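Below is one structure; the comments refer to it alone.
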Amino acid sequence: MLNPQQLAAVEHCDSPLLVLAGAGSGKTSVITQKIAYLIARKKLNPSKIAAITFTNKAAREMRERVGQLVSTEDAAALTVCTFHALGLKFLQIEHARAGLRRGFSVLDADDSNGIVKELAPRPVGGGGVKPDVLFGIRNLLSRAKNGGLSPEEALAAARSPRELEAATIYDMYQQRLAAFNAVDFDDLIRLPLRILESDAECRDAWRERFRYLLVDEYQDTNDAQYRLLKALTGERGGITCVGDDDQSIYAWRGANPENIDQLGRDWPNLRVIKLEQNYRCGKRILRAANQLIANNPHLHDKKLWSEHPEGAPIRVLECKEAEHEAERVAALATTLAEKHKARWHDIAILYRGNFQARVLEKALRLARIPYHLTGALSFLDRAEVKDLLCYLRLLTNPSDDAAFLRVVNVPKREIGSTTLEKLGQLAQSRQSSLLDATRSDSVLRQLTPRPAAALASFSGLLDELRSASLHESAADLVELILKRTGYAAQIAASTTDASVRERKLGNLKELADWFRAMQKGGNSAGDLASQLALLSHADRDEPGNAVRMMTLHSAKGLEFRFVFIVGCEDGTLPHEGAIDEGRIDEERRLMYVGITRAKELLTLSWSAKTKRYGDVHNNQPSRFLHELPQADLHWQGKDPEADKEAVRETAESHMAKIAAMLAGG
DNA sequence: ACGATTTTCAGCATC
DNA sequence: TGAAAATCGT
């Protein structure tokens, strides 16, 4: 079942292990088999094993696959979660060491952006903070946090006036979070790290708690995450990191692929095993991928090989314009379905930027091809879901001012910005949270009567809900909140059309169902809200049998029989900004990731002309196309005959469908 | 407090 | 170009 390299990776437990796992080389098998091996052969208690991933989706898949190898009991005892979920777990236990009280909140990106916005210096001419200034500060702040720096350290490390300003804001920002009894996403890594690095007693306890760590997508770790792993592992070296330097495509958001080499510096007894047999792609596709990536500098040479058949040549569609390209892709997808009996979900269309999806959608709709956009709108980003989670946060953690501000006037309670600003000042002067302030008669007396009454009734409502939360299940609590806050009524009364209303109510019902499903663990509603803050969209609704459309980034880790990569143009892939800044290598890896998604047939396409922000842009084919083995490519020019052929095929298939419908109905 | 108008931006996007 | 946010005006 396992090849010799995979087996070696599974059985090597005596020193830290780095597994350089090429695309499609069975890395998940290695991790899951190794977990089973540690339990069965090394007699390790499953509760002492942690498998760490980056996404919830990966964690869920890992749990599923490991569930097939070990007993239900052992599977339940394992820790299989994301870095951030691990950090949350840590802080829920060690909250006191981080200066947090029980029931602390996890702020999402919007909440923390809101805080930064408030703290950022207002331009002298009045008005709001400029978005790019805000963005810059957020960036510096996140970088400091990802580097594991405390506000004091960031202040000391600041070199430029901008960094100094950001560090000052960082300090105020953390004070604000402390007042809210809240942490942000970055803190879920940074705070555990700080505790582990400074508190030997705690560190020893956690090293005992987790005897073996397995890390997936290791090339995506940032500095703080690496230090967390290092602190948790210690000299004993019970760690296996699985990653692929050629699939490092997240440097732009702080991932540090250098961590791959850092491992050997920190543990001189590191063992390195390469997995080079690919079980996914045809030989041709693999040859193309290898030749492309050979243009990147490498510390560890790695050459993927496959026992699969050669496969069809890689097609390169040369198109006049983007509309054209989309039509041809749609026509070819139809051909695949008809002539090659492909299911729609065997087909994926990949692109560099989300904006490219629009023209493709249009063409697919026209060709009556069902499609699904991955990673478009997030379930948890829906306003109604967020509102409800904020109600739960506020019930668990009355200090959570961010949640208070979000829901205090939702649904409308005639509490406007003027009132809230005043309330904010009063709360600050008496050193209390906003919610606490609304309970004080002296505070209410200093406000105008109407808003004061509205605030008082709001806090009364929350008190009522809080007492209900003690004996209601989380799912019932959701229903109760909807009813008692008038949220459900507001949705029902909204003037928007019925489909929107239904969708909102559907989302909320789904949230309640979700809580019901998660209830088993005996978690409180607040715990569930914290965990939910860490969930993302990718694992939502099942796309069913539909063509999958997504960015190259979100395609990582997936595979499809038939893959189209559109927009292979210089300026798009590689992206213009990346060319300017000399960051071609990461773009090339992105292309590499895209190519290696294809199992059977790969089709690349580019357009000579694309509309860019209104005006027309002339393109050159992507330099990456020239880096591929030309003997394996089949260039299909923009000659009109090819198009006619495609259009005719689409038309024929329509006729066939209509005929079938008529015959069937 | 809300709706109309102007301005701005356009790359990926986890937790 | 077009969507979303910021600003303006009532």
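Residue numbers start from 1 in every chain, and the chains themselves are labelled A, B, ... in the order their sequence lines are given, proteins ahead of strands. Since we're looking at a predicted model, the values are computed, not measured.
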So, is A:Lys611 near the phosphate of B:dA10, with a side-chain N or O under 4.0 Å from OP1 or OP2?
no

A:Ser605: side chain to side chain donor-acceptor pair (under 3.5 Å) partners, not counting sequence neighbours:
A:Glu325

Please give, in whole Å, the distance from B:dT14 P to A:Asp184 CG?
16 Å

Once you round it to whole Å, what is the distance between P of B:dC12 and CG of A:Asp585?
21 Å

Would you kindly give the OH-to-P distance between A:Tyr250 and B:dG11, to the nearest whole Å?
17 Å

Hey, does the side chain of A:Asn354 come within less than 4.0 Å of B:dC12's phosphate (OP1/OP2), counting only N and O?
yes

What residues form a salt bridge (Lys or Arg N to Asp or Glu O under 4.0 Å) with A:Glu569, not counting sequence neighbours?
none

Who are the salt bridge (Lys or Arg N to Asp or Glu O under 4.0 Å) partners of A:Arg450, not counting sequence neighbours?
A:Glu414

Check this one for me: any side-chain N or O of A:Thr551 less than 4.0 Å away from OP1 or OP2 of B:dA13?
yes

Neighbour count above 12 (heavy atom, 6.0 Å) for A:Arg63 CZ
yes

Nearest whole angstrom, please: distance from the P of B:dG11 to the CZ of A:Arg589.
20 Å

B:dT14 P sits how many Å from A:Met550 CE, rounded?
13 Å

Answer yes or no: are there more than 12 heavy-atom neighbours, outside A:Arg209 itself, under 6.0 Å from its atom CZ?
yes

Please work out if A:Glu217 contacts a base, only the sugar-phosphate, or nothing of the nucleic acid, heavy-atom cut-off 4.0 Å.
nothing

Tell me, please, which residues at least two apart from A:Arg413 pass salt bridge (Lys or Arg N to Asp or Glu O under 4.0 Å).
none

A:Trp252 aromatic ring stacked with six-membered ring of B:dC12, 5.5 Å and 30°:
yes

Where along residues 574-583 of chain A does a heavy atom come under 4.0 Å from DNA chain B, residue by residue in number order?
A:His575, A:Arg583

In whole Å, measure the gap between the P atoms of B:dA13 and C:dG2 for me.
23 Å

Taking atom types as they are modelled, would you say the side chain of A:Glu587 forms a donor-acceptor pair with the base of B:dG11 within the 3.5 Å cutoff?
yes

Rounded to the nearest Å, what distance is computed from the CD atom of residue A:Glu586 to the P atom of nucleotide B:dA13?
13 Å

Electrostatic pair A:Arg97-A:Glu94, nearest N-O below 4.0 angstrom
yes

Proximal nucleotide (of C:dA6, B:dA13, B:dT14) relative to the A:Thr55 side chain
B:dT14

Find the distance A:His84:NE2 to B:dA13:P and express it as a whole number of Å.
17 Å

Could you state the CZ-P distance from A:Phe83 to B:dA13, rounded to the nearest angstrom?
21 Å

What's the gap between B:dC12 and C:dA5 when it is taken at their P atoms, as a whole Å value?
15 Å

Could I get the full list of side chain to side chain donor-acceptor pair (under 3.5 Å) partners for A:Asn295, not counting sequence neighbours?
A:Glu627

Residue whose closest nucleotide on DNA chain B lies nearer the 5' end, A:Phe355 versus A:Ala109
A:Phe355

